[in-house]
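Data block below; observations after.
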Protein chains: 2
Amino acid sequence: MAISFTEENYLKVIHRLSEATSEDISTNAVAELMQTKAASVTDMLRKLAEKGWVNYQKYQGVRLSAEGEKIALSIVRKHRLWEVFLVDKMGFNWDEVHEIAEQLEHIESDQLVNKLDEYLGFPKTDPHGDPIPNKDGVLPELAYSHLSDIKAAKTCKLMGVAQDSAVFLQLLTKLNLSLGAKLDIQEINEFDRSIFVSINDAAPIFISHEVAKNILVKI
Amino acid sequence: MAISFTEENYLKVIHRLSEATSEDISTNAVAELMQTKAASVTDMLRKLAEKGWVNYQKYQGVRLSAEGEKIALSIVRKHRLWEVFLVDKMGFNWDEVHEIAEQLEHIESDQLVNKLDEYLGFPKTDPHGDPIPNKDGVLPELAYSHLSDIKAAKTCKLMGVAQDSAVFLQLLTKLNLSLGAKLDIQEINEFDRSIFVSINDAAPIFISHEVAKNILVKI
DNA sequence: TTTATTTTTTAGGTTAATCTAAAAATTATT
DNA sequence: AATAATTTTTAGATTAACCTAAAAAATAAA
């Protein structure tokens, strides 16, 4: 069935919200991420339900149907593959690619996506460490920890980020934190939960809890 | 000023029609290429004129303004660069890329277009031999002849095509005619204007005038 | 368990791009 | 030059996606 850019964006947003919870997603939560009003969301949810892409009962929130999930994953796949393309082939920085990938994710051609995947060497993650669904919509298992959850001094490796806002990514770049960086945690301060850490064997520095929450590491 | 996909497509179509003539472009001609009705075109032309992208007087046809021309050329540039990408990097055939490039041409990022141009080695033509405008909208001079215009037996080289319909391109492929092919014209038949020609030194075959009209060659 | 607050939905409108049918202007033909 | 044929425009509707304001339902607080 034909699908519009807008419908694709709604499915993507509902999918993103569903990853963080097992509850149904509220109209307001969708409205906020879609940068629109709740009334508009209600209209769209009814339409998406009619098309069979979401399960929606009024006042009860929304969740993706199996088919909706499949569509959402294919958009996520495209978004992340294009991000790899933009960074690896076009030479963009990881904080510059989100906007462009938001456009490219709507290009419709399974053939192109699969050729692109191959051209990029079947990457498992995008430039922010987020997993890329394969052609059947299966996400590779990554299972990383949030740096903020680590309780004791140890060594780990930066594998991803939990946010791709440009300001956050630019801060990481300033701190010399990029994918694959080695982190030797020296000390965790009880007071403000800041972390004193050496990055790639450099002199240790302080990282705020706020930042640590958005850093994914392999122990 | 903000521009919609639809507006971009109208400008592109008007540009394409303007290449073939110095006359103003009729509402019906635009309607046919846009696959829409004349009434819809009238509405859009008024809007494009308000935005300053075309000169339009009712009942008198339309032509691009300097600014409209600039926009149209940037779309053509993107379309043709993406076609090169699809053929050279993704491994598509030249008859498979038009549809996908129709989508990709609307991606908005000057930075991306210029990086893509560089990545592809600043190509002068797309996979059909059509010239690619540079970043300032300047078209490289190519000045090729239509095979159908050649009057005497001689040798020439296939440099482009005047049409990118899949059926036409597939026919060329069947005839072993691709960009760069050597054509030794043996004879031109007065009766049906068909051409008896040897392609890359193979046994000569007949090519119809209809096909020859759409083949561009360098003598 | 009422009352207050928040969330969500409905009702009614707007805008961009399209359509059909009818009117007006242009062009072609006697 | 008058009439016929064609082209183009206007008028009035439709659809998708959005909006505001008001009503209804759900949730939280007294």
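Fair warning: this is a prediction, and the values are worked out from it, not measured in the lab. Note on naming: letters A, B, ... go to the chains in the order of the sequence lines (proteins, then strands), and numbering restarts at 1 for each one. Below, all heavy atoms of this structure are taken into account, side chains as well, without hydrogens, waters or symmetry copies.
Checking the phosphate oxygens (OP1, OP2) of D/dT20, a side-chain nitrogen or oxygen of A/Lys37 falls inside 4.0 Å. Side-chain nitrogen and oxygen atoms of A/Ser4 include none within less than 4.0 Å of the OP1 or OP2 phosphate oxygen of D/dA16.
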Scan the side chains in residues 166-174 of chain B for donor-acceptor partners under 3.5 Å anywhere in the protein, sequence neighbours excluded, and list what turns up.
residue	atom	partner	partner atom	Å
B/Gln170	NE2	B/Asp95	OD2	2.7
B/Thr173	OG1	B/Trp94	NE1	3.3
B/Thr173	OG1	B/Leu169	O	2.9

Less than 3.5 Å apart, which donor and acceptor atoms pair up between the side chains of residues 137-145 of chain A and the rest of the protein, not counting sequence neighbours?
none

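Contacts between residues 7-24 of chain B and DNA chain D, defined by a heavy-atom separation below 4.0 Å, involve no residue at all.
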Quick test: give all pairs of protein nitrogen or oxygen and nucleotides 4-10 of chain C nitrogen or oxygen below 3.5 Å, distance rounded to 0.1 Å.
residue	atom	partner	partner atom	Å
C/dT8	OP2	A/Asn28	N	2.9
C/dT8	OP2	A/Asn28	ND2	3.2
C/dT9	OP1	A/Tyr56	OH	2.3
C/dT9	OP1	A/Tyr59	N	2.8
C/dT9	OP2	A/Thr27	OG1	2.9
C/dT9	OP2	A/Thr42	OG1	2.8
C/dT9	OP2	A/Tyr56	OH	3.3
C/dT9	O4'	A/Tyr59	OH	3.4
C/dT10	OP1	A/Lys58	NZ	2.5
C/dT10	OP2	A/Arg46	NH2	2.8

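Not counting sequence neighbours, the partners of A/His106 by the ring pair (Phe, Tyr, Trp, His ring centres under 6.0 Å) test are A/Phe5.
We find that A/Arg77 and A/Asp117 are joined by a salt bridge, their nearest charged nitrogen and carboxylate oxygen being less than 4.0 Å apart. In this structure, A/Lys12 pairs ionically with A/Glu102, as a charged nitrogen and a carboxylate oxygen lie closer than 4.0 Å. Between A/Glu210 and A/Lys213, at least one side-chain N (NZ, or NE/NH1/NH2) sits under 4.0 Å from a carboxylate O, which counts as a salt bridge.
Sequence neighbours left out, the pairs with a member in residues 21-30 of chain A that pass side-chain hydrogen bond (donor to acceptor under 3.5 Å, both in side chains) are A/Asp24-A/Arg63.
Counting non-hydrogen atoms of neighbouring residues, nucleotides and ligands closer than 6.0 angstrom, the NZ atom of A/Lys89 exceeds 12 such neighbours.
Separating the CE atom of B/Met44 from the C1' atom of D/dT8 is a distance of 17 Å, rounded to the nearest angstrom.
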